[in-house]
Every structure is written in C-alpha cells, then in structure tokens.
Protein chains: 2
Amino acid sequence: MSNENKIQVTIIEDDKTIREGFTYLINASPKCNVISSFSTVEDALTKLQANAPNVILLDIELPGISGIDAIPKIKNLLPKTHILMLTVYDTEELVFKALSNGASGYLTKNSNTEKITDAIQEVMDGGAPMSMNIAKIVIKSFHKNTNSPLTKRETEILEQISEGKSRSKIAKDLFVDLETVKSHIKNIYSKLNVHSREDAIKQAKDNKYI
Amino acid sequence: MSNENKIQVTIIEDDKTIREGFTYLINASPKCNVISSFSTVEDALTKLQANAPNVILLDIELPGISGIDAIPKIKNLLPKTHILMLTVYDTEELVFKALSNGASGYLTKNSNTEKITDAIQEVMDGGAPMSMNIAKIVIKSFHKNTNSPLTKRETEILEQISEGKSRSKIAKDLFVDLETVKSHIKNIYSKLNVHSREDAIKQAKDNKYI
DNA sequence: AGCTATATCACGCTTATAGGGGGAAATCAC
DNA sequence: GTGATTTCCCCCTATAAGCGTGATATAGCT
C-alpha cells in the first residue's frame, strides 16, 4: 500500500523514546503511516494545519498545555481529525474530561502495538476504541446504587428537581397536588439529611441514587 | 476442563431458535457452559436461585417483564452474577437504561460467536465488553458541543445552576457579587431563548453545551 | 492603538418559590 | 392486615427568581 492511502497518524508525546518507539511500531503496520510527531501541544498547533493527519495519538501529561486542554484546540483547528488518548493515566476524572472535550477513544499505554494499530483503524471507521480498564470506568459511571433509601416516587421527584424544575412544575407533570410534591420533598430531605435542593442533588449524585 | 470449572452461563431469550443456537455455540467453547435457559424473565426469576450462573445473557424484548426491568430484579436475587445484554436494539435510551440498571456489558446480536464467548470471559474478569456500535454511542454521549453560544463563565454558571445551586450560592462560590451572577443568568437566558432555570438546563443539555 | 466581547456590579420592582411545622386519609405490597 | 408508600391539607416567613435598564473595567484580537 502506498503511504498516501494509509491512515495518516500524528503523535504528540513528550518522551522522545516513547515517541520514536511508537513511530517505528506504527510505521511497521501496513495500514498506518506516521506523518509527524511533536513533543508539545504548542509546537503541534502551529504546524498541524500544513499537513493534517487522520488520527492523532495524544498523551495527557505534557509540558505547557496538557493533552486534555489540547483536545478542543486541535478539534477547532482540524474538526475531522480523530483524537485517540494514549496515556498511563486512567482516573475517572481524566477519562471524563478527555471524552467531554472530544476524544474519540482512550487507550492506556500498556496496550500492545497490535491493539494500538487496531484502535487507529477502529477510530477511522467511526468507532470508539477503549482499553478494558477504561471501558470498565465508563460503564461503572452509569450504574445506579441499588440500595437507595428513596422510594420510586421520591427518586422520580428528586430527578426532576435535578433537572431544575420547580415544585409546582413537578406537581403539574406528575398530575398530583403541589402539597404532595412538598410532602415528598420533605421526606427526601429527611432521608438524605439535607435542607436544600442543592445538597439533596449532591448527596443523591454522590451516592448514585439518581 | 470439567464443566464445574467453566464459566456457568444462563440465557434468557424468547426465541427458541436463537436460544438453542447460542446454547450450542457457547457450549462448544472450552471455557463456557450453559447451565440453564429461559424464555421469560418470570420463569427465570423463580428458578435462578437454585442454580446460580456466573453470567446471564439477557435479551431486551421479551414477553411480560422486559430485559431492562429484569436487570434490577436479577441483581437483587443474584448480586454477584454479571448481566450481559445481548439484543438487536441499540438506541441510546435502551443502552443507558440497561447500564443504569446494572448491566455489565452490552452486545448487539450481529456479534460473532467468538466475540460472545470472549465477552463472557471479559465480564467474568471484571471488564465491560461492548460492541463497537455501543461503545460509539456511549463515548458520543460524553462529547460536548464545541459550538456553544455561551462564554466560559456563562457555561460555568449554568453548570452550577444545573447542580441546583441558588444564585446567591453561586455568587459566593465564584467570589463575585449576586448582581454579577444575575447579570450572567440574564445573558444566558437571552442567548438560549428561555425564561427559566428549567428550560435553560434542558436547552443546554439537549445541545450538549453542558 | 482601537475595538469588541466578556465579566463585573447597581437599583428597583413583583410574584413565585423554598423550606419547615404539624397533621390525615387512601392505597399497595408482602 | 400491617407497614410502607402515596396522596393531600393548612399554617408560616424569608428569599429567590425573573425582568427592566443601566454602567464600568479589562482582556483579547487585529
């Protein structure tokens, strides 16, 4: 396959050894071609537009602008380019920030080379490759607590409160009296040991009751 | 490998052909053993406890109790059992409901048999297997809109509003005057063409501005 | 250097809302 | 048939929400 038909890849990674190692390994694949690599986001941003890649492998911990903050800047410059995080960090916070900012996939660095080129291919095909540990974090974030002290109705009302609805709007939407909603909210506050909407929402989200 | 050391699998699926097909194919794998299969959730719930599986393959569209509603009931009965959705439906709503209710993975039925037994193994190892299309839906749900009309500060304030905070609490937390927050909120409402917290939150979430 | 967007703060006004007190009746599920 | 849940009632006070109509300072961009 000629280089022009391969997936054009750029690497942004500050460690020279890793950068060159990945470049070598990815170029060894028949379907990928590393067209550029940078050690800082600042450097990449000034030079990326001249030679736009299909996929960017992006580290998180970088000197200057972090990989997380780089995502929207790169997306702004090259809207069609897919960004694949490639990092050792797998905290829930970093994963969510990266995905919110627009990353298309998230790999941790222990992934073997075959997985990396497979992931590059998958992201090009519109997929969303993740390492197993990342998938677990993401799925777990959806799981609700099954030991909520709140009843079905109370949970329903608290969900609507967390959508910013007033008590009277909730009453209308649930076809019950305002007094009923007030009563439920009193019980919710009592069960959660809080005295405000804000604290009730925070409590419930922290404990995954909603 | 003796059957006792294999991963014990139960299938809940109303289509007899599919049920028997999967049973045959999974039993052909050296690491998995189908110990029971049911055509309804009702049937499964009365008989599952006697012979608890490690993993349950669960369809969504079933007569009577749906696969979605079955998840919390099964989890309640067998807290340690992993539930793997195996269905043709891949709408965002169903995927989120299944995961919220406690499913550990989600496969669409075009997955080939090798992938199914791999997924069973992965879920047993604490992973979260997903088909490529499901991973895409999940990741996409995290992506924020990069074309928000709101400024950074406005977005920040709207996020806090969506956490249920009052204007005065937001002012305190951001170390600015209440009047400033009021002013920002006025601008937010104007930009989003809304006239209440509720509508602002809904607009912003629908458009992924927050 | 100048312009625009952004962020900050001010004052007045009205109505609705939030939170808490202390009840009670009907209905559902186990 | 008993306890949990859901529904509704009346009282009260403080404040929060939303809107109108402003001003000023600063930061970023070209």
Side-chain angles (χ1 to χ4, degrees), chain A residues 42 45-46 65 69 72-73 76-77 146-204 209, chain B residues 42 45-46 49 65 69 72-73 76-77 146-204 209-210:
Chain A
E42 288 84 343
L45 286 173
T46 61
I65 300 174
D69 294 331
K73 293 179 197 289
N76 195 41
L77 205 66
T146 51
N147 280 99
S148 173
L150 304 178
T151 69
K152 220 174 176 179
R153 198 58 155 176
E154 286 162 357
T155 304
E156 195 178 4
I157 286 173
L158 189 47
E159 263 161 5
Q160 303 207 18
I161 285 180
S162 87
E163 288 161 10
K165 286 191 188 178
S166 70
R167 304 180 297 184
S168 47
K169 180 72 189 315
I170 295 172
K172 260 179 207 156
D173 290 355
L174 294 180
F175 305 105
V176 295
D177 197 275
L178 169 60
E179 288 300 327
T180 305
V181 176
K182 284 172 70 174
S183 176
H184 281 302
I185 292 176
K186 265 187 284 193
N187 291 332
I188 293 168
Y189 286 7
S190 159
K191 285 182 180 177
L192 300 185
N193 264 295
V194 296
H195 307 278
S196 70
R197 298 161 87 80
E198 184 196 350
D199 291 343
I201 293 169
K202 186 164 167 29
Q203 266 281 319
Y209 298 152
Chain B
E42 288 83 343
L45 287 173
T46 60
Q49 217 160 22
I65 299 175
D69 294 332
K73 294 180 198 289
N76 195 41
L77 206 67
T146 50
N147 281 97
S148 172
L150 303 179
T151 69
K152 221 174 176 179
R153 197 56 152 177
E154 285 163 359
T155 304
E156 194 179 6
I157 286 174
L158 189 48
E159 264 161 6
Q160 302 206 16
I161 285 180
S162 87
E163 288 161 12
K165 286 192 188 177
S166 70
R167 305 181 296 184
S168 46
K169 181 72 189 316
I170 294 172
K172 261 178 207 156
D173 289 355
L174 294 181
F175 305 106
V176 295
D177 197 274
L178 169 61
E179 287 301 328
T180 304
V181 176
K182 283 171 72 175
S183 176
H184 281 302
I185 292 176
K186 266 185 287 191
N187 292 332
I188 292 168
Y189 286 7
S190 161
K191 284 182 180 179
L192 299 185
N193 263 295
V194 296
H195 307 278
S196 69
R197 299 162 85 79
E198 183 196 351
D199 291 341
I201 293 169
K202 186 163 167 26
Q203 266 282 319
Y209 298 151
I210 59 169

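Sequence lines set the chain letters: A, B, ... in the order given, protein chains first and strands last, and positions in each chain run from 1. No experiment lies behind these values; they were computed from the predicted model shown.
- When atom types are taken as modelled, the side chain of E163(B) and the backbone of I201(A) share no donor-acceptor pair closer than 3.5 angstrom.
- Partner of Q160(A) under the side-chain hydrogen bond (donor to acceptor under 3.5 Å, both in side chains) criterion, chosen from R167(A), K165(A), K169(A): K165(A).
- Not a single donor-acceptor pair, N or O on each side, falls under 3.5 Å between the base of dG22(D) and the side chain of K182(B).
- Listed for the E198(B) side chain is no donor-acceptor partner under 3.5 Å among the backbone atoms of S166(A).
- No N or O donor and acceptor, one from the side chain of R167(B) and one from the base of dA16(D), sit under 3.5 Å apart.
- Each of dG20(C), dA18(C), dA16(D) was ranked by its minimum atom distance to the side chain of Y189(A); first place goes to dG20(C).
- Taking atom CD1 on I185(B) and atom P on dA7(C), their separation rounds to 14 Å, with Å as the unit.
- Atom P of nucleotide dT13(D) and atom NE2 of H195(A) are separated by 21 Å, given to the nearest angstrom.
- Between the side chain of K169(A) and the base of dT17(C) there is no donor-acceptor pair of N/O atoms closer than 3.5 Å.
- Side-chain contact between I188(B) and Q203(B) is absent, with no heavy-atom pair separated by less than 4.5 Å.
- Separating the CD atom of E179(A) from the C1' atom of dT17(C) is a distance of 13 Å, rounded to the nearest angstrom.
- A straight line from NZ of K186(A) to C1' of dG21(C) spans 7 Å, rounded to a whole angstrom.
- Contact annotation for S183(A): base contact, defined as any heavy-atom pair under 4.0 Å involving a base atom.
- Here the side chain of T180(A) is nearest to one of dT5(D), dG19(C), dC8(D), namely dC8(D).
- Regarding R197(A), its CZ atom lies at a distance of 11 Å from the C1' atom of dG19(C), rounded to whole Å.
- Atom CG of D177(B) and atom C1' of dA23(D) are 14 Å apart (whole Å).
- The nearest whole Å value for the distance from the NE2 atom in H184(B) to the C1' atom in dT6(C) is 8 Å.
- At dA17(D), none of the side-chain N or O atoms of S166(A) fall inside 4.0 Å of OP1 or OP2 (strictly under the cut-off).
- Proximity of L150(B) to I157(B): side-chain heavy atoms (C-beta onward) are nowhere separated by under 4.5 Å.
- Residue S196(A) places its side chain closer to dG19(C) than to any other of dG19(C), dT8(C), dT7(D).
- Residue I157(A) contributes atom CD1, which lies 15 Å from atom C1' of dA18(C) at whole-angstrom precision.
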